[in-house]
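Because the structure is a prediction, the values reported are computed rather than measured.
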Amino acid sequence: MNALSAPIYMGIDLTERCNLRCIHCRVSTSHEKVNELPLEKVKQLMDEFADLKVIQIIFSGGEPFIREDIFEILSYTTKKGIPDIIVVSNGILLDSDKIEKLKSTGVKKVTISLDGLKEVHDRIRGKGTFDKTIENLKNLIKEDFEVSVTMILTKLNKNDFLKLSKFLKKLGVKKVNAGNLMPCGRGEELWAQSLETKEKEELFSKSKRINLVFKKEFISFESSFLTKPNISPSEKKIMQFFGCRGGRIYCAVLSNGDVVACKMLPNLIAGNVFKNSFKDIWSLDKNWAVWRKNKLYGKCKICKYGLACRGGVRQ
């Protein structure tokens with residue numbers, strides 16, 4: 001089996017608009033970019049996802065809270081019965097009024113983007129952004145939201161990662177997730193600051209020790225960050241299925257309607273929701289040939305981790 005009849009979880013880029021101009025932004029937001037999924041199209045997609053029994057929707061952008069209709073979108077999604085809804089935000093626009101409106105939608109989970117302690121974060125996202133983000137993060141926690149934090153790790157902020165994680169744990173953040181710099185948008189210009197494997201291994205090892213102290217997996221890493229799975233014979237079939245999840249149990253709809261298996265590869269497009277229904281796009285294997293093939297080549301064929309990562313995305 002190469003894919004489920006519907007994705008388990010999905011990413012939705014609601015807009016390219018953003019109040020910040022982060023130096024690593026994969027969308028490369030600017031005032032000139034205006035791609036945005038119209039409200040009626042978003043509702044239509046939520047109808048489809050509810051019918052397909054999608055479990056998790058992750059709304060991001062751009063900045064979702066720059067949209068005036070964001071609360072209508074979130075309310076509609078909860079009413080459709082999607083079990084797990086997450087909003088990813090830079091946190092700057094979440095004043096007390098917006099937090100109250102967010103609470104009324106029924107959404108419980110918010111992921112805030114932080115990229116270091118004050119000096120480093122402000123260098124990446126703009127002067128004064130750290131203090132404002134932390135203020136609103138505290139207010140979200142005070143209002144009983146389940147708040148997690150995501151951090152894109154580079155050479156610029158790697159030394160802040162563990163200190164920031166410990167600080168956030170004291171504030172009541174539920175989880176910190178580290179991710180890779182994406183080689184698209186402004187991230188392409190910052191590519192020289194990507195972490196090397198040895199640097200990732202060091203952070204990964206130190207994080208495991210911190211998690212032991214916390215007695216939980218408080219710090220986690222996205223699957224593409226650094227993976228060394230142990231595969232027992234009984235696990236081989238399921239590991240082969242789950243490997244690279246793009247186009248098999250996950251995909252994303254971008255703000256222009258393009259459907260992609262991975263936001264790190266926005267130019268590999270499976271379809272567009274303005275031209276076809278999402279169900280039709282997902283159900284045609286030819287749209288996802290790069291991701292749904294199982295055959296491994298070259299070094300991947302003999303690698304002991306081949307069944308787990310499936311060679312990443314093979315083109």
When you look at NZ of Lys163, are more than 12 heavy atoms from neighbouring residues, nucleotides or ligands closer to it than 6.0 Å?
-> no

Indicate the atoms forming the closest heavy-atom contact of Cys18 with Gly62, along with that distance.
-> CB-CA, 4.2 Å

Validation row: Leu203, Phe161 side chains within 4.5 angstrom (heavy atoms) = yes

Evaluate whether atom NZ of Lys43 has more than 12 neighbouring non-hydrogen atoms of other residues, nucleotides or ligands under 6.0 angstrom away.
-> yes

Tell me, do Ile82 and Phe49 make a side-chain contact under 4.5 Å, heavy atoms counted?
-> yes

Step through the shown structure and confirm whether more than 12 heavy atoms of other residues, nucleotides or ligands are within 6.0 Å of NZ on Lys138.
-> no

Go through Ser207 and Leu162 one step at a time and tell me if the side chain to side chain contact (heavy atoms under 4.5 Å, CB included) criterion holds.
-> CA-CA 7 Å; Ser207 297; Leu162 299 178; 3.6 Å; yes

Side-chain contact test, heavy atoms from C-beta onward, threshold under 4.5 Å: evaluate it for Leu265 versus Val260 and give yes or no.
-> no

Search all heavy atoms of Ile70 against all heavy atoms of Pro64 and return the closest pair with its distance.
-> CB-O, 3.6 Å

Do Ser205 side-chain atoms and Glu201 backbone N/O form a donor-acceptor pair below 3.5 Å?
-> no

Answer yes when Lys175 and Glu146 have at least one side-chain N-carboxylate O distance shorter than 4.0 Å, and no when they do not.
-> no

CG on Asn35 to CG on Asp258, rounded to 0.5 Å | 8.5 Å

Dump the intermediate steps for side chain to side chain contact (heavy atoms under 4.5 Å, CB included) on Asp115 and Arg125, then the final yes or no.
-> CA-CA 8 Å; Asp115 290 305; Arg125 291 184 174 261; 2.5 Å; yes

Cluster question for you: counting only ILVMFWY and a side-chain heavy-atom cut-off of under 4.5 Å, with indirect links fine, are Phe130 and Phe65 together?
-> yes

Given Leu195 and Lys155, is the side chain to side chain contact (heavy atoms under 4.5 Å, CB included) satisfied, shown in steps?
-> CA-CA 6 Å; Leu195 293 180; Lys155 293 181 186 296; 4.2 Å; yes

Charged N to carboxylate O under 4.0 angstrom, Glu48 versus Lys279?
-> no

Would you give the length of the straight line joining atom CD1 of Ile73 to atom OG1 of Thr78, rounded to the nearest 0.5 angstrom?
-> 12.0 Å

Hydrophobic cluster identity match, Ile58 and Val149, side-chain contacts under 4.5 Å = no

How far does OG of Ser255 sit from CG of Leu37, to the nearest 0.5 angstrom?
-> 6.5 Å

Without hydrogens or angle criteria, can the side chains of Asn90 and Ser113 be said to hold a donor-acceptor pair below 3.5 Å?
-> no

Leu14 and Arg67 have their tightest heavy-atom pair at O-NH1, 2.9 Å

Which atoms form the tightest heavy-atom contact between Val34 and Glu16, and what is the distance?
-> N-OE1, 3.9 Å

Under the 3.5 angstrom rule, does the side chain of Asn157 hit a backbone N or O of Ile152 as a donor-acceptor pair?
-> yes

Are Ile85 and Ile112 connected, step by step, through hydrophobic side chains (Ile, Leu, Val, Met, Phe, Trp, Tyr) whose heavy atoms are closer than 4.5 Å?
-> yes

Taking Gln56 for the side chain and Met10 for the main chain, is one N or O donor matched with an acceptor at less than 3.5 Å?
-> no

Validation row: Leu212, Lys208 side chains within 4.5 angstrom (heavy atoms) | no

Say whether Tyr76 and Asp69, considering side chains only, have a donor N or O and an acceptor N or O under 3.5 Å apart.
-> no

Heavy-atom side-chain proximity of Ser104 to Phe71 below 4.5 angstrom = no

Checking Lys169 against Phe214: charged group under 6.0 Å from the ring centre and within 45 degrees of the axis?
-> yes

Does Val273 reach the side chain of Lys41, with side-chain heavy atoms less than 4.5 Å apart?
-> yes

Of Ile92, Leu114, Asn19, which is the lone residue that meets side-chain contact (heavy atoms from CB on, under 4.5 Å) with Thr129?
-> Ile92

From Ile55 CD1 over to Ile249 CD1, what is the distance, rounded to the nearest 0.5 angstrom?
-> 9.5 Å

Can you hop from Phe59 to Ile99 via hydrophobic side chains spaced under 4.5 Å?
-> yes

Does Lys103 offer a backbone N or O that forms a donor-acceptor pair with the side chain of Glu143 under 3.5 Å?
-> no

Derivation and outcome, side chain to side chain contact (heavy atoms under 4.5 Å, CB included), residues Asn180 and Leu153 | CA-CA 6 Å; Asn180 283 315; Leu153 285 174; over 6 Å; no

Distance col, row Ile269:CD1 vs Asn287:CG, nearest 0.5 angstrom, shows 11.5 Å

Just checking, any donor-acceptor pair under 3.5 angstrom between side chains of Glu63 and Thr15?
-> no

Do Thr111 and Asn177 have side-chain heavy atoms sitting under 4.5 Å apart?
-> no

ILVMFWY cluster, Leu140 and Ile134 together (side-chain gap under 4.5 Å) | yes

Nearest-0.5 Å distance, NZ of residue Lys166 to CD1 of residue Ile210 = 4.5 Å

Closest heavy-atom pair, Pro266 versus Leu254, reported as atoms and distance to 0.1 Å, is CB-CD1, 4.1 Å

Determine, step by step, whether Arg123 and Glu119 satisfy the salt bridge (charged side-chain N to carboxylate O under 4.0 Å, His left out) criterion, reporting the C-alpha distance in whole Å, the side-chain angles of both residues, the deciding distance to 0.1 Å, and the verdict.
-> CA-CA 6 Å; Arg123 178 184 171 189; Glu119 182 181 347; over 6 Å; no

Could Glu196 and Lys200 be called an ion pair, given the rule that one side-chain N must be under 4.0 Å from one carboxylate O?
-> no

Short side-chain to backbone donor-acceptor contact, Asp160 and Leu117, under 3.5 Å | yes

Counting only N and O atoms by type, is there a donor-acceptor contact under 3.5 Å from the side chain of Asn276 to the main-chain atoms of Ile281?
-> no

Within the distance-only criterion (no hydrogens, no angle test), does the side chain of Trp282 pair as donor or acceptor with the backbone N or O of Leu4 below 3.5 angstrom?
-> yes

Are Asn272 and Val259 side-chain neighbours, meaning at least one heavy-atom pair lies under 4.5 Å?
-> no

NZ/Lys263: more than 12 non-hydrogen atoms of other groups inside 6.0 Å | yes

Report yes or no: does Ser75 contribute a side-chain atom to a donor-acceptor pair with the main-chain N or O of Glu72 at less than 3.5 Å?
-> no

How far apart are the closest heavy atoms of Lys98 and Leu93, and which atoms are they?
-> CD-O, 3.0 Å

Are Lys53 and Ser5 close enough that a side-chain donor and a side-chain acceptor fall under 3.5 Å?
-> no

Side chains of Asp95 and Asn136, donor plus acceptor under 3.5 Å | no

